Amino acid sequence: MGWVRTFRNNQFIALNDGSTNNNLQVVAPLGLLDDETLKRITTGASLKVNGELVKSLGKGQSVELKATSIEVLGDSDAEKFPLQPKKHSLEFLREIAHLRFRTNTFGAVFRVRHSLAYAVHKFFNDKGFVYLHTPIITSSDAEGAGEMFRVTTLPFDNPPRNEDGSINFKEDFFGKSTNLTVSGQLEGELAAMAFSDIYTFGPTFRAENSNTTRHLAEFWMIEPEMAFYDIEDNMNLAEEFIKYIIQYAMDNNRDDLEFLAQRLADEEKQLPQDKRSELGLIEKLEFVLKNAFERITYTEAIDILVNSAAYKKKKFQYDVKWGIDLQSEHERYLVEKHFKKPVIVTGYPAAIKAFYMRMNDDGKTVAAMDILAPGIGEIVGGSQREERYDKLIERMEDMNIPINEMQWYLDTRRFGSVPHAGFGLGFERMVQFVTGMTNIRDVIPFARTPKNCEF
RNA sequence: UCCUCAGUAGCUCAGUUGGUUAGAGCAUCUGACUGUUAAUCAGAGGGUCACUGGUUCAAGUCCAGUCUGAGGAGCCA
């Protein structure tokens, strides 16, 4: 059983059931089917075929199914079915995302995505981590990870108001203002203070008006949180984790990755020489598996940038000096030009990082780490958390975090606080990295981006 | 949100200096052929030129606005 990809010569049906990109060639002997049935075997139709698997007489395949009966399960009007046995643009396929699973490219992408998701659970389970389901709806607005989607049952045309005119959320469903989660980290920390090692893997929502090839309004994030880990342990785990799930896909999705590698190579033939990647997709993944990630401090990164030829020739649009947040162009230089492999940057200035990150002894930098990947940029953001109650309060005050609303979080530092660390990994960015797809909208089944919520 | 580019047949695109009935390849339909591999050959059908307004004797073409898409930036994962 499967769906028709092509039908040639009224005899040869390329049938696909989604398990692989390799089609089964079904041969319908002349005279087996009447004219009416033959006309119903169109691209996209679903068939149930019985027959004998025999050695193929043709060249394209080793075996084929010699049919003894063919039943059309579901017709597909050839005049209306939009997929053709030819190359379609990714932009067009995005508009028919409900059908694009039936193409070779998206078949491969989503089989790889599945494997990576499975590998995430396997990796953490094998290490004894507890999979924690953090809430999708939250009332916490303190994390500052981004703009949030409001969740409400209040009528938006005439909401209940307080005397001062502001909206009275006491009458809302939860009796307060609520939003979709932008991160499960804070809740994750609570659980890590009991289970030692936990991870989350779930949907995350950011209402940022970001229109790029690497941002989604709804995406999946993996956030492990480990008690008794310092920043070094954190980096080691993150590197091991990334390599593990890549290796899992290499071991279990070789055909699909080779197809995607070929697709990417064809795509890059259109580009000018200097924009093409030096390594093919498979070679890139093997290279990442074999080599240790480069580890540098933020201060070293700034030095490298300031001493680079690009900086001296004023190639950077943004100036480089200690204290700036690294711009995309700087990250790309470090990863793609200088080191040519994934880079972990640690020790960022406290002023540009979140309140929960642990202050280093120098009083200026925090124990943060970002993992930068070629072609994608930041794929992991993490840190050792500030476990010292007084220092945490100090930081929260400095950054205007509403301390009163965060008492539940501060309890972890009051009752048996321990050094701990964790990180967040954007799952779609990981899928992009492994599949070589350049647009993040093509590695999630139904992308949610500004001005787009189809299906 | 900002910058740049784009929107013409189901898809990918061409359309000259503003000038007659807007073209091609693929797909579809009809027929031929029958061991094909994105089959091949012959023929046919298929258009709100994104939308709104403007300039002009005349707009797919020029101008303005809007919408949508792509690439880059910012924000970030």
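Just so it is clear, the values below take in all heavy atoms, side chains as well, and ignore hydrogens, waters and symmetry mates. Just so you know, these numbers come straight off a predicted model, no measurement behind them. Convention: sequence-line order gives letters A, B, ...; per-chain numbering from 1.
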Between [X] and [N], is there a contact of a side-chain N or O with OP1 or OP2 at under 4.0 Å?
X: A:Thr6; N: B:rA39; answer: yes
X: A:Gln327; N: B:rG74; answer: yes
X: A:Thr212; N: B:rG72; answer: no
X: A:Arg332; N: B:rA73; answer: yes
X: A:Arg8; N: B:rA39; answer: yes
X: A:Asn9; N: B:rU34; answer: no

NA contact type, [X], heavy-atom cut-off 4.0 Å: base, sugar-phosphate, or nothing?
X: A:Gly58; answer: base
X: A:Lys451; answer: sugar-phosphate
X: A:Lys66; answer: nothing
X: A:Phe7; answer: nothing
X: A:Leu216; answer: base
X: A:Gln61; answer: base
X: A:Glu64; answer: base
X: A:Ile379; answer: sugar-phosphate

Distance check, [atom1] atoms only: [N] and [M], in whole angstrom units.
N: B:rG23; M: B:rA39; atom1: P; answer: 29 Å
N: B:rC62; M: B:rA38; atom1: P; answer: 40 Å
N: B:rG60; M: B:rG43; atom1: P; answer: 31 Å
N: B:rA64; M: B:rU55; atom1: P; answer: 15 Å
N: B:rA32; M: B:rG47; atom1: P; answer: 28 Å
N: B:rG7; M: B:rG15; atom1: C1'; answer: 15 Å
N: B:rA14; M: B:rC3; atom1: C1'; answer: 29 Å

Side chain of [X]: nearest nucleotide among [options]?
X: A:Met221; options: B:rA77, B:rG35, B:rG71; result: B:rA77
X: A:Arg429; options: B:rU1, B:rA77, B:rG74; result: B:rA77
X: A:Asn211; options: B:rU1, B:rG35, B:rG72; result: B:rU1
X: A:Arg441; options: B:rG35, B:rA70, B:rC11; result: B:rA70
X: A:His215; options: B:rC76, B:rG71, B:rG35; result: B:rC76
X: A:Ser56; options: B:rU36, B:rU34, B:rG31; result: B:rU36

Practice item. Please confirm whether the backbone N or O of A:Arg358 pairs with a side-chain atom of A:Arg385, one donor and one acceptor, at under 3.5 Å? Key: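 Not a single qualifying donor-acceptor pair exists.
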Check your understanding: Are the side chain of A:Glu329 and the backbone N or O of A:Tyr318 linked by a donor-acceptor pair below 3.5 Å?
Key -> yes
Check your understanding: So A:Tyr298 and A:Tyr348, would you call those rings parallel, tilted or perpendicular, with 30° and 60° as cut-offs?
Key ->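 Because their plane-to-plane angle lies in the 30° to 60° range, the rings of A:Tyr298 and A:Tyr348 count as tilted.
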Exercise for review: Give the ring-plane orientation class for A:Tyr118 versus A:His114, where under 30° counts as parallel, over 60° as perpendicular and anything between as tilted.
Suggested key: parallel
Let's test your reading of the model: under 3.5 Å, does the base of [N] pair with the side chain of [X] as donor and acceptor?
X: A:Gln25; N: B:rU36; value: yes
X: A:His88; N: B:rC11; value: no
X: A:Glu91; N: B:rG7; value: no
X: A:Ser210; N: B:rC75; value: yes

Review point. Under a 4.0 Å N-O cut-off, is there an ion pair linking A:Lys340 with A:Glu336?
Key: no
Review point. Taking NZ, NE, NH1 and NH2 as the nitrogens, is one of them in A:Arg263 or A:Asp256 under 4.0 Å from a carboxylate oxygen of the other?
Key: no
Rounded interatomic separation in angstrom, taking [atom1] from [X] and [atom2] from [N]:
X: A:Glu208; N: B:rG74; atom1: CD; atom2: P; answer: 14 Å
X: A:Ile13; N: B:rA39; atom1: CD1; atom2: P; answer: 13 Å
X: A:Lys87; N: B:rU12; atom1: NZ; atom2: P; answer: 12 Å

**Study point:** ring pair (Phe, Tyr, Trp, His ring centres under 6.0 Å) between A:Tyr131 and A:Tyr199, intermediate numbers included
**Key:** CA-CA 5 Å; A:Tyr131 176 30; A:Tyr199 72 105; 5.0 Å; yes
Review point. Which residue pairs satisfy the salt bridge (Lys or Arg N to Asp or Glu O under 4.0 Å) criterion with at least one member in residues 435-455 of chain A, sequence neighbours excluded?
Key: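 Passing the test, one end in residues 435-455 of chain A: A:Arg94-A:Asp442, A:Arg100-A:Asp442.
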Revision key, fill the gap. Sorted by position of nearest nucleotide on RNA chain B, 5' first, the leading residue of A:Ser89 and A:Asn439 is A:Ser89
Exercise for review: Using the closest heavy atom to pick a nucleotide of RNA chain B for each, name whichever of A:Asn10 or A:Phe92 lands nearer the 5' end.
Suggested key: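 Looking at RNA chain B, the more 5' nearest nucleotide goes with A:Phe92.
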